[in-house]
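The structure is given below, and queries will be raised subsequently.
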Amino acid sequence: MKVEQWGLRVPARQGEAMRQLLIREGSLDASLKVLREGSDLILPLMGPRESAGRYEFEAQPGKESLPRHELVGGIAILQEDDPAGAVKILASRPSLHTVVFAKGEVSGEYRTRELTILAGDPTTRTQVTEHGHRFMVDLAGAYFSARLSTERQRILEQVQEGETVLDMFAGVGPFAVTLAAKAAFVIAVDLNPEAIGLMLRNLQLNRIRNVLPVLADARRLPAILPWKSDRVVMNLPLAGTDFLPDAFRLCKRGGMIHFYSLVSAEGEHTARIEELGGKVVCEHEVRSYAPGQWHAVYDVRTG
Ligand code: SAM
C-alpha cells in the first residue's frame, strides 16, 4: 500500500545520522519504508518540518499505518475527524498525552485554530522542546508553530552580541526567547493576553531576564516606544505590507527587519520595501502554504 506522507530528502551518506536524530526527536514515521531516489534517501516523517516535502511511501510490512498527523510537544494534530485513528496514534506513541482534530488553518487576529479533542487528556496545553529551550504552548489559545524552529536559529546566527531586538508579533515568545541568548534586550509584543501569559511562563522556564513582554497592538508602538531597535522581527504573514512603515520607524538606520509574508511571486514586496528606503538582502521561502502560495521571509537592511 502507498501512503502519502511528509518526507525529508537527505544525501544517502547522511541518511543514518539523520534517521537516528529523527528517532530521538520522535518524528520518524516508522510505519513507512525509507525511499531511495538516485543518491538521496527520503526519510518518512510524522509531520511537516523545515525543508520537508510530500512523498509517496510504502508501508512497512507488519506495521499498521497511522493517520496523517503533526506533532507539537505531547499533542498529535490530525486533519481528519478520526477518533479511531486518534486512539491508534495514542497507543503507538507513549510520549503523547492528547490527540486533537484541527478543523482548519489558523484564523482570526490571534492566529489560533479550532481544535476538538479526539483522545487522551482533555487539554490543548503542552510543553515543546526546541534547540534546548522549553516552551509552554496552548494550541487553542495562542499561535505556535514548530515549523519555524530552523528560521529562529537562522536569525539567531545573524544577531550580534549587545543588539536590541523588537519582536512585533511575538506570540508565546519563541523568537524572543531564542534571540535573547545573544541580544542585550528584546521587546516582545502581542495583542493576545493568553500569548503574553504563556510568554511570561516561557521566560521563567528558560530563565530569561532580558525580554520585556508587552501586551499591545503593534500599531501603537511608534507612539509609545521611546527608542529604535537594531533588529525587528515581523512574523504576521497574512498582514502583507501593512505594518512595514511602522517597522521602519521602529528600526535604527542600517538595522535589519525580518519581514514574513504570504506571497505568490518572488519579489512581490521588493518595490514597496525599496520605496520605504530598505534594501532586500535576502528573500527565501519558509514554507509552502497552498498551491502557488508560500510564506516568504525578506531580510531587509534599513537605509
Ligand atoms: N512570532 C510568533 C511565533 O513565531 O510563534 C507568533 C506569530 S503569529 C503568526 C502572529 C502573532 O501576532 C499572534 O500571536 C497574534 O496574536 C499577534 N498579533 C496579531 N495582530 C497583532 C497586532 N496588531 N499587534 C500585536 N500582535 C498581533
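By convention here, the first residue in the shown sequence is residue 1.
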Does the side chain of Lys88 reach to within under 4.5 Å of the side chain of Pro83, using non-hydrogen atoms? no

Pair Glu80 + Arg68: basic N to acidic O under 4.0 Å: no

Atom CG in Leu179, atom CD in Gln153: separation rounded to 0.5 Å? 9.0 Å

Only one of Leu238, Asn192, Asn235 forms a side-chain contact (heavy atoms from CB on, under 4.5 Å) with Arg111, so which one is it? Leu238

What class does the angle between the rings of Tyr55 and Phe57 fall in, given that below 30° is parallel, 30 to 60° is tilted and above 60° is perpendicular? perpendicular

Rounded to the nearest 0.5 Å, how far apart are CZ of Arg113 and OG1 of Thr124? 11.5 Å

Residue pair Pro222 / Asp246: nearest heavy atoms and the distance that separates them: CG-OD1, 3.5 Å

Is any side-chain heavy atom of Leu205 less than 4.5 Å from a side-chain heavy atom of Met136? yes

Using side-chain heavy atoms (C-beta onward) and a distance below 4.5 Å, is Leu43 in contact with Leu28? yes

Just wondering, do Glu283 and Val297 contact through their side chains at under 4.5 Å, heavy atoms? no

Below 3.5 Å, can you tabulate the donor-acceptor pairs from side chains in residues 165-172 to any protein atom, sequence neighbours excluded?
unit_1, atom_1, unit_2, atom_2, d
Asp167, OD1, Phe169, N, 3.3

Side-chain contact, heavy-atom cut-off 4.5 Å: Asp29 with Leu45? no

On a heavy-atom basis, which atom in Ala296 and which in Val263 lie closest, and how many Å separate them? CB-CG2, 3.7 Å

Count the heavy atoms of every other residue, nucleotide or ligand shown that sit under 6.0 Å from CD of Gln293, and state whether that count exceeds 12. yes

Just wondering, are more than 12 heavy atoms of other shown residues or ligands nearer than 6.0 Å to CD in Gln158? yes

Check: Gly255 main-chain N/O paired with Thr302 side-chain donor or acceptor under 3.5 Å: yes

ILVMFWY cluster, Val211 and Ile155 together (side-chain gap under 4.5 Å): yes

Is Asp299 paired with Arg154 through a side-chain N to carboxylate O contact shorter than 4.0 Å? yes

Would you please test Arg220 and Asp217 for salt bridge (Lys or Arg N to Asp or Glu O under 4.0 Å) and show each step? CA-CA 6 Å; Arg220 295 186 177 271; Asp217 186 332; 5.6 Å; no

CD1 on Ile75 to CG on Asp138, rounded to 0.5 Å: 7.5 Å

Donor-acceptor pair, Asp82 side chain versus Pro67 backbone, under 3.5 Å? no

Stepwise, does the side chain to side chain contact (heavy atoms under 4.5 Å, CB included) test hold for Val128 with Arg134? CA-CA 6 Å; Val128 178; Arg134 289 183 295 157; over 6 Å; no

Could you tell me whether the side chain of Leu225 reaches within less than 4.5 Å of the side chain of Leu250, counting heavy atoms only? yes

Got Arg125 and Leu139 here, is their nearest side-chain heavy-atom distance under 4.5 Å? no

Would Glu151 and Arg287 pass as an ion pair if we require N to O under 4.0 Å? no

Pairwise side-chain contact, Val72 with Phe144, heavy-atom cut-off 4.5 Å (strictly under): yes

Here the pair of heavy atoms bringing Asp230 nearest to Cys251 is O-SG, 3.9 Å

For residues His269 and Phe259, establish whether the separation of their ring centroids is below 6.0 Å. yes

With clusters defined by side-chain heavy atoms of hydrophobic residues (ILVMFWY) lying less than 4.5 Å apart, directly or transitively, does Val286 cluster with Phe243? no

Please find the pair of heavy atoms, one from Glu56 and one from Leu35, that lie closest to each other, and give the distance. O-CD1, 3.6 Å

Thr98-Asp121 side chain donor-acceptor pair, cut-off 3.5 Å: no

Less than 3.5 Å apart, any donor N or O on the side chain of His295 or Ser261 sitting next to an acceptor on the other? no

Check the pair Asp40, Val10 against side chain to side chain contact (heavy atoms under 4.5 Å, CB included), reporting the backbone distance first and the verdict last. CA-CA 6 Å; Asp40 290 343; Val10 288; over 6 Å; no

Atom pair OG1/CG of Thr164 and Leu212 - distance to nearest 0.5 Å: 12.5 Å

Do the charged groups of Arg231 and Glu163 touch, with an N to O distance under 4.0 Å? yes

Nearest 0.5 angstrom please: Leu21 CG to Gln14 CD, how far? 11.5 Å

Would you say Val34 ends up clustered with Leu22 if hydrophobic residues are merged whenever their side chains have heavy atoms under 4.5 Å apart, either directly or through other cluster members? yes

Taking all non-hydrogen atoms of both residues into account, name the closest pair between Ala86 and Leu118 and its distance. CB-CB, 3.5 Å

Should Phe185 and Val232 be counted in the same cluster of Ile, Leu, Val, Met, Phe, Trp and Tyr side chains packed under 4.5 Å apart? yes

I'd like to know if the side chain of Lys182 and the backbone of Leu156 have a donor-acceptor N/O pair within less than 3.5 Å. yes

Nearest 0.5 angstrom please: Glu275 CD to Phe248 CZ, how far? 10.0 Å

Evaluate the criterion side chain to side chain contact (heavy atoms under 4.5 Å, CB included) for residue pair Leu32 and Gln60; output intermediate values, then yes/no. CA-CA 5 Å; Leu32 301 176; Gln60 286 278 21; 5.5 Å; no

Using side chain to side chain contact (heavy atoms under 4.5 Å, CB included), reason through His131 and Arg152 one step at a time and then give a plain yes or no. CA-CA 10 Å; His131 292 278; Arg152 294 189 252 278; over 6 Å; no

Are there more than 12 heavy atoms of other residues, nucleotides or ligands under 6.0 Å from atom CD of Gln20? yes

Determine the minimum heavy-atom distance between Lys279 and Ile273, stating which atoms define it. N-CG2, 4.3 Å

Is Leu276 reachable from Leu236 through a run of I, L, V, M, F, W or Y residues, each pair having side-chain heavy atoms under 4.5 Å apart? yes

